[in-house]
Amino acid sequence: MGAGVSAFEGEERQTKELSARARYGLAWSLAKRYEDAAVKDAALLEKAITEMRSAVAGGQAAIRLPASVKLGHLLVQAGRDEEAKAVLYPLLEEAGGRQQAAYLLSDIEERRGRTALAISLLEKALHGVRGEAAALLLARLAELQEKDGNHEAAIRAYEELPRRAPGVELASRAAFDRARLLVKAGRPADALAALDEIGQEAERTHFVPPEEIIYWRGRITLAIASESGSVEGYAAAEKQLRYYVERFPAGRYARDALELLIQLYVHVEDEGLRRSGGAFIEDMLEKSAVPGELGGDARVAHAKIKAALGDHSGAARAYRKSAAQADAARKHVLLLAALEQYVAGGFIEEARGLFPGINPAEIGEAELVRYYSAAAEIERSGGSAGAAAEAFMRLAGETRDEAVRMNALVAAGELYLEAGALGQAGSALASVPRERSQTSVRYHLALARLRYAEGDGGGVCAAAEAALRLAATE
C-alpha cells in the first residue's frame with residue numbers, strides 16, 4: 001500500500017513538473033512575441049505574465065528560477081514595479097537568480113530615485129561573478145555611477161570589466177567609455193593616453209576594428225573641445241568623425257558619428273567650420289545618405305547653420321523644407337522659424353505669406369511669443385505701429401503666462417504711443433496688473449512717455465522717479 005501511494009505521488013510530481021515546463025515554454029513564446037512586436041499588445045503581455053506565474057508556482061528550481069526572473073522582467077515591462085519587486089527581491093538570496101534580479105531591480109530603484117540603493121544591489125551581486133554576467137552588471141553599475149556624478153567610481157567599474165570578462169564584446173566598449181569618462185572627470189590627457197593604449201592593443205589582438213578607434217578618437221576629441229571651447233579641437237574632431245562617416249557609411253557607429261557631426265556644426269562658433277558643415281549636411285541630404293530618424297535633425301541643423309552665417313533667406317527655405325516633411329505638431333514650429341528668418345532678413349512679403357500656414361493654437365507658449373513678436377515686427381516695418389500694437393494685444397489675450405501678458409501689454413502701450421494713439425496706449429498700460437507694474441522699469445518708462453504726451457508734468461516726474469528707484473535695486 002505504502003509503496004503504491006509513494007509511486008502515485010512521484011508520478012503526480014512528475015506530471016506537475018512536466019506541466020510547469022510546458023507552461024514555461026508557452027509563457028516564453030508569448031513573451032518573445034510581445035517583445036518582438038513593433039506594436040505592443042497589452043493583452044498578449046498579460047497572458048505571458050499569467051502563464052509565467054503558473055510556471056513559477058508549479059516548477060522545481062530548474063524551472064522556478066528562470067521563470068521567476070522572466071516574470072519579474074515581464075512585470076517591469078507592464079509597469080507593475082511593486083509586483084516585480086515582490087518576485088525579484090527573494091531571488092537575491094538564490095545563486096541562480098541573483099545577478100539577473102539585481103540588474104532588473106537596479107532599473108526599478110533608479111526610476112524611483114533610489115540610485116544609491118540601485119548601485120548597492122549591483123555591487124553585492126558582483127561578488128565572485130565573472131564572464132558575461134559580470135560584464136552586464138559592471139556596465140550597468142558604471143552607467144548609474146556616471147548618472148550619479150561619481151565619474152571616478154564609474155571609471156573604476158569600466159577598468160574592472162575587461163579583467164572580470166576578458167574577450168566579452170562589452171569589454172571593448174568599456175575601454176572607450178572609460179576614455180570618455182576621463183574627459184568628464186577633468187583628465188583629458190589621460191583620455192587621449194587611454195585611446196593610444198586601445199589602439200596599441202587593437203593592433204596586437206584585433207579586439208576592435210581600426211575604424212572604430214577613428215570614431216572614438218573623434219568622439220573623445222569632441223568631448224575635450226566641448227569642455228575647452230577650442231576651435232582647433234573642434235576641427236580635429238570634425239576631421240575624424242567626418243572621415244569615419246564618409247569612409248564607413250555602413251559602419252557600426254556611422255549613425256552616431258553623423259549625429260555628433262550635426263551637433264558640432266550647430267554649436268561651433270567658427271565660420272569656417274560652419275560653412276564646411278553646411279555644405280556637408282546639404283550634400284548628405286541631397287544624396288539621401290542621412291538615416292530617416294536623423295533626417296529632421298539634419299534639415300534643422302542645415303537651416304540653423306545658414307541663419308548663423310547670415311543667409312536668412314536660405315535658412316527660411318531650409319526650415320520650410322523641413323516643415324514639409326515634419327509631423328503636424330512640429331510643422332507649425334518650423335514654419336515659425338522660417339517666418340522669423342524672413343523677418344530677420346527683411347523679406348517682409350515672404351514672411352506675410354507664411355502666416356496662413358501657422359496655427360497659433362498648435363504651438364506652445366514660448367512659440368506664441370515669437371509668433372506675435374514676428375507679426376508686430378512685420379507691421380511695424382511696414383509703417384503701422386498701431387497694427388503692431390494690436391499683435392501684442394492679441395498675445396496678451398491668448399497667453400496664460402502673467403509675465404508674458406504684462407510685457408505684451410507694455411509693448412502694445414509703447415507702440416500705441418509711437419502711433420500717437422494715446423487713449424489706446426493708456427488703456428493697454430492700465431491693463432497691467434498693479435502687482436506686476438510696480439516691479440517693471442519698462443512699464444514706468446512707458447507711463448512717463450504717456451504722461452509727457454498728455455502734458456502731465458507731475459505724472460512724468462512720478463513715473464520717472466519710480467523707474468529710477470527700480471533700476472537702482474536691480
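Values reported hereafter were calculated over all heavy atoms of this structure, with side chains retained and with hydrogens, waters and symmetry mates removed. In this chain, residues are counted from 1 in sequence order.
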Donor-acceptor contact present, side-chain [X] to main-chain [Y], <3.5 Å:
{"X": "H332", "Y": "N359", "answer": "yes"}
{"X": "R164", "Y": "V129", "answer": "yes"}
{"X": "R405", "Y": "T399", "answer": "no"}
{"X": "D270", "Y": "G272", "answer": "yes"}
{"X": "E367", "Y": "G364", "answer": "yes"}
{"X": "N407", "Y": "A403", "answer": "yes"}
{"X": "S120", "Y": "A116", "answer": "no"}
{"X": "T439", "Y": "R436", "answer": "yes"}
{"X": "S29", "Y": "G25", "answer": "no"}
{"X": "T221", "Y": "R217", "answer": "yes"}

Other residues, nucleotides and ligands only: do more than 12 of their heavy atoms fall within 6.0 Å of [atom1] on [X]?
{"X": "R33", "atom1": "CZ", "answer": "no"}
{"X": "E293", "atom1": "CD", "answer": "yes"}
{"X": "R247", "atom1": "CZ", "answer": "no"}
{"X": "K70", "atom1": "NZ", "answer": "yes"}

Pairs meeting criterion salt bridge (Lys or Arg N to Asp or Glu O under 4.0 Å) with involvement of residues 301-327, two or more places apart: K306-D311

Quick one: [atom1] on [X] to [atom2] on [Y], what's the gap to the nearest 0.5 Å?
{"X": "L335", "Y": "L339", "atom1": "CG", "atom2": "CG", "value": "8.5 Å"}
{"X": "E123", "Y": "S106", "atom1": "CD", "atom2": "OG", "value": "11.5 Å"}
{"X": "H73", "Y": "L71", "atom1": "NE2", "atom2": "CG", "value": "11.5 Å"}
{"X": "D256", "Y": "L241", "atom1": "CG", "atom2": "CG", "value": "10.0 Å"}
{"X": "L138", "Y": "E160", "atom1": "CG", "atom2": "CD", "value": "6.0 Å"}
{"X": "L121", "Y": "L126", "atom1": "CG", "atom2": "CG", "value": "11.0 Å"}

Contact check, side chains of T50 and E46, non-hydrogen atoms, under 4.5 Å: yes

Are E398 and Y372 packed together at the side-chain level, in the sense that at least one heavy-atom pair is separated by less than 4.5 angstrom?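 E398 reaches Y372 side chain to side chain.
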
So, E340 and Y319: side-chain donor and acceptor under 3.5 Å apart, yes or no? no

Return yes if a side-chain donor-acceptor contact under 3.5 Å exists between Y253 and E211, otherwise no.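 There is no such pair between these side chains.
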
Provide the closest heavy-atom pair for [X] versus [Y] in the form atom of the first, atom of the second, distance.
{"X": "L104", "Y": "G72", "answer": "CD1-C, 4.4 Å"}
{"X": "L273", "Y": "Y265", "answer": "O-CD2, 3.5 Å"}
{"X": "R255", "Y": "P291", "answer": "CG-CG, 4.4 Å"}
{"X": "A102", "Y": "L92", "answer": "N-CD2, 3.8 Å"}
{"X": "I305", "Y": "G277", "answer": "CD1-C, 4.2 Å"}
{"X": "A179", "Y": "A191", "answer": "O-CB, 3.3 Å"}

Using the side chain to side chain contact (heavy atoms under 4.5 Å, CB included) rule, take R140 and E110 through it: C-alpha gap first, then chi angles, then the decisive distance, then the call. CA-CA 11 Å; R140 174 68 175 147; E110 183 211 359; 3.0 Å; yes

Given L192 and I224, is the side chain to side chain contact (heavy atoms under 4.5 Å, CB included) satisfied, shown in steps? CA-CA 10 Å; L192 291 173; I224 294 171; 3.9 Å; yes

State whether D81 and K85 are salt-bridged, where the test is any N-O pair (Lys NZ or Arg NE/NH1/NH2 against Asp/Glu carboxylate O) under 4.0 Å. no

Salt-bridged, R156 to E159, with N to O below 4.0 Å?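 No, no charged N to carboxylate O under 4.0 Å.
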
I'd like to know whether E271 forms a salt bridge (charged side-chain N to carboxylate O under 4.0 Å, His left out) with R275, so could you lay out the CA-CA distance, the side-chain angles of the two residues, the decisive distance to 0.1 Å, and finally the verdict. CA-CA 6 Å; E271 185 173 333; R275 291 192 183 282; 3.0 Å; yes

Just list the side-chain donor-acceptor pairs under 3.5 Å for residues 38-45, sequence neighbours left out, or say none.
| residue | atom | partner | partner atom | Å |
| --- | --- | --- | --- | --- |
| K40 | NZ | Y34 | O | 3.1 |
| K40 | NZ | E35 | O | 2.7 |
| K40 | NZ | A37 | O | 3.0 |
| D41 | OD1 | A43 | N | 3.0 |
| D41 | OD1 | L44 | N | 3.4 |

Member of I155, I198, L161, D190 meeting the side-chain contact (heavy atoms from CB on, under 4.5 Å) criterion with R178: I155

